[in-house]
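Just the heavy atoms: all of them, side chains too, but no hydrogens, waters or symmetry mates, feed the values below. Below, chains carry the letters A, B, ... as their sequence lines are ordered, and counting in each starts from 1.
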There are 2 protein chains.
Amino acid sequence: MTDSWVDRFSDLAALPAEDKKLLTERAVSVSLPAGTTVFAPGVAAESFLLVLDGTIRVQQVSSGGREIVLYRVTGGESCIMTTSCLFSGEDYVAEGVTETEVDAVAIPKAAFEEAIARSSGFRQLVFSGYSDRISDIMHVVQEVAFERLDKRLAQRLLALSDPDGVIKATHQDLAAELGSAREVVSRQLKELQRRGWISIARGQIALTDADQLKSLAGSD
Amino acid sequence: MTDSWVDRFSDLAALPAEDKKLLTERAVSVSLPAGTTVFAPGVAAESFLLVLDGTIRVQQVSSGGREIVLYRVTGGESCIMTTSCLFSGEDYVAEGVTETEVDAVAIPKAAFEEAIARSSGFRQLVFSGYSDRISDIMHVVQEVAFERLDKRLAQRLLALSDPDGVIKATHQDLAAELGSAREVVSRQLKELQRRGWISIARGQIALTDADQLKSLAGSD
DNA sequence: CCCCAAACAGTGACTAAGTCACAGACGCAA
DNA sequence: TTGCGTCTGTGACTTAGTCACTGTTTGGGG
């Protein structure tokens, strides 16, 4: 196994061979189809997850059925929600869903703890994963508490658009990104369309003036 | 040193003597007066902090001057914001302020890494600290995104009240707890007073019907 | 003792966002 | 073609946040 998955993680690639061996021998490769619920409130974790390919969306759901996206885990990142539960034994307060097909490796709790104890590179990977997620979630708090919805919507449209400036998402999907309500997003989108910055079709939005959107997204 | 500070942390009290020795020898005791800014955006951490006594309030501040409290670190807990920055090197996105006089021990980065490598109990402490904080912050997201302000205010009044049912805080202070605006909180408080659930004085609020407040705080 | 500057609190008018209850519109499958 | 489920539009209303004020208390300094 010369081109192992460990070489995809910069913190792990430089590891001593014996540490790499520990990880590669004990890890279990998994492949998940799009739309799989990786973890959810009320389910305890049993292993640590490293994403190789694809993206996992981590979100919270309210009792009233509204949702908000907290962050996404993409290739080369660890899913700290699993780590978190592995250690504290607490239940998840969020859920993780694969947005695409996801290739990952699952490291059982025992091997995880051994790797943490032995490998400083592995510790670095796990801790920086925690740090990054805390930053992400704090950013979400900042946004929902203090920022205007039109600005946040513009940010998301820019972030979610493909190279052609197209977003394939329903208004409901966008509302879930922002933690808002579908009707509110529909009205905001209509206003952006009125200004000529986007064009709206069923299940799809095209950016027609990205510069104006960037200006709105970056306004203080 | 028979009654060392390490015995205040359940994860550390059971440690082998040599691990305790490492921590106690390398840690630096600090005592901070109330109102000290422990960390703030744009300042990098240089050591890991364990709080022995007192509380540190961790909050975010918006460009418009509004604030929101994320969580509090109390005696026997680690301040993971310092850990986070220690590892990722990223700047703080929040600020920490002592609410009372705080006794703490600061563990330099080198000793921290050594302890992490050697002591599973210390790892447990650090990881569970992370997990708890992530839960806290996710809870904040849930609240600001989805819950009504009157319910959140009732929750905070109950949480902040002393055994006599009194809260010494200005309306501005409460607004900062909730990430809302002072005028909004003033109006909410007036409504609670109109219902006879609280009584309002300058800089102080007294709960007069905690049961009704609990009912509001727990409503779904 | 009185004055006065801060800090604290109250208010009205307005804008932004969320809720509720619908009514259309579109698109695929039977 | 005709449903039927998903997606979107809309009006009326409530809740929350903003702005620009005014009023009120309070603890020093003169």
Side-chain angles (χ1 to χ4, degrees), chain A residues 35 60-68 140-157 166-195 198-206 216 219-220, chain B residues 35 60-68 140-157 166-195 198-206 216 219-220:
Chain A
Q60 270 182 306
V61 183
S62 82
S63 50
R66 270 168 60 194
E67 300 183 3
I68 185 167
V140 172
V141 171
Q142 185 81 240
E143 294 236 308
V144 297
F146 303 132
E147 299 298 343
R148 294 177 53 94
L149 195 68
D150 54 358
K151 175 181 172 179
R152 295 175 55 213
L153 178 57
Q155 290 172 344
R156 285 291 170 142
L157 290 175
V166 172
I167 301 119
K168 285 186 63 72
T170 66
H171 299 182
Q172 178 61 61
D173 292 338
L174 292 170
E177 292 282 336
L178 300 167
S180 181
R182 198 260 314 159
E183 302 93 311
V184 177
V185 169
S186 286
R187 283 193 262 259
Q188 296 279 357
L189 288 171
K190 195 173 63 172
E191 171 62 17
L192 293 180
Q193 183 181 42
R194 193 193 62 75
R195 296 187 199 167
I198 64 173
S199 69
I200 303 179
R202 188 183 175 89
Q204 176 174 317
I205 289 154
L216 173 57
S219 60
D220 291 319
Chain B
Q60 270 182 308
V61 183
S62 81
S63 52
R66 270 168 61 193
E67 299 182 4
I68 185 166
V140 171
V141 172
Q142 184 81 242
E143 294 235 308
V144 298
F146 303 132
E147 299 298 343
R148 292 178 52 95
L149 195 68
D150 53 359
K151 176 180 172 179
R152 295 174 56 212
L153 178 57
Q155 290 173 343
R156 286 292 173 141
L157 290 175
V166 172
I167 301 119
K168 283 185 67 70
T170 66
H171 300 183
Q172 178 60 61
D173 293 337
L174 293 169
E177 291 283 334
L178 300 167
S180 180
R182 198 256 318 158
E183 302 93 309
V184 177
V185 170
S186 285
R187 283 192 263 259
Q188 297 279 357
L189 288 171
K190 193 171 65 171
E191 172 61 17
L192 293 179
Q193 184 181 41
R194 193 193 62 75
R195 296 188 199 167
I198 64 174
S199 69
I200 302 179
R202 188 185 176 85
Q204 177 173 314
I205 289 156
L216 173 56
S219 61
D220 290 321

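- When each of Ser180(A) and Gly203(B) is assigned the nucleotide of DNA chain C bearing its nearest heavy atom, the one mapping closer to the 5' terminus is Gly203(B).
- Between the CG atom in Leu216(B) and the CG atom in Leu157(B) there is a gap of 9.5 Å [rounded to 0.5 Å].
- Proximity of a side-chain donor or acceptor of Arg66(B) to a complementary backbone N or O of Ala145(A) within less than 3.5 Å is detected.
- Taken to the nearest 0.5 Å, the NE2 atom of His171(B) stands 12.5 Å off from the CZ atom of Arg187(B).
- Atom CG of Leu174(A) is separated from atom C1' of dA17(C) by 17 Å (rounded to the nearest Å).
- In this structure, Arg148(B) places its CZ atom 18 Å from P of dA17(C), rounding to the nearest Å.
- Close to dT19(C), at under 4.0 Å from its OP1 or OP2, lies a side-chain N or O of Arg66(A).
- With contacts defined as side-chain heavy-atom distances shorter than 4.5 Å, the pair Gln155(B)/Glu143(B) qualifies.
- At the phosphate of dG10(C), OP1 or OP2 sits under 4.0 Å from a side-chain N or O atom of His171(B).
- The listed nucleotides are dA16(D), dT8(D), dT19(C); the one nearest the side chain of Thr170(A) is dT8(D).
- Counting non-hydrogen atoms under 4.0 angstrom, Glu147(B) reaches nothing in the nucleic acid.
- Along DNA chain D, the nucleotide nearest to Ala145(A) and the one nearest to Gln204(A) differ in position, and the one closer to the 5' end is contacted by Gln204(A).
- Each of Arg187(B) and Ala169(B) has a nearest nucleotide on DNA chain C; the 5'-most of these lies closest to Ala169(B).
- Rounded to a whole Å, the CG atom of Leu189(B) is 16 Å from the C1' atom of dT15(D).
- In terms of position along DNA chain D, the nucleotide closest to Ile200(A) lies nearer the 5' end than the nucleotide closest to the other residue of the pair Val184(B) and Ile200(A).
- Distance CG (Leu153(B)) to P (dT15(D)): 15 Å, rounded to an integer number of Å.
- The CZ-P distance, from Arg182(B) to dT11(C), rounds to 11 Å in whole Å.
- If you take CG of Leu149(A) and P of dG17(D), they are 13 Å apart, rounded to a whole angstrom.
- One interatomic measurement links the two molecules: CZ of Arg202(A) to P of dG5(D), which rounds to 14 Å at whole-angstrom precision.
- Checking the phosphate oxygens (OP1, OP2) of dT11(C), a side-chain nitrogen or oxygen of Lys190(B) falls inside 4.0 Å.
- When atom types are taken as modelled, the side chain of Arg152(A) and the backbone of Leu178(A) share a donor-acceptor pair closer than 3.5 angstrom.
- In this model, the phosphate group of dA16(C) is not approached by any side-chain N or O of Gln188(A) to a distance below 4.0 Å at OP1 or OP2.
- What separates CD of Glu183(A) from P of dC7(D) is a distance of 14 Å, to the nearest Å.
- The side chain of Ser186(A) lies closest to dT8(D) when the candidates are dT8(D), dA9(C), dA20(D).
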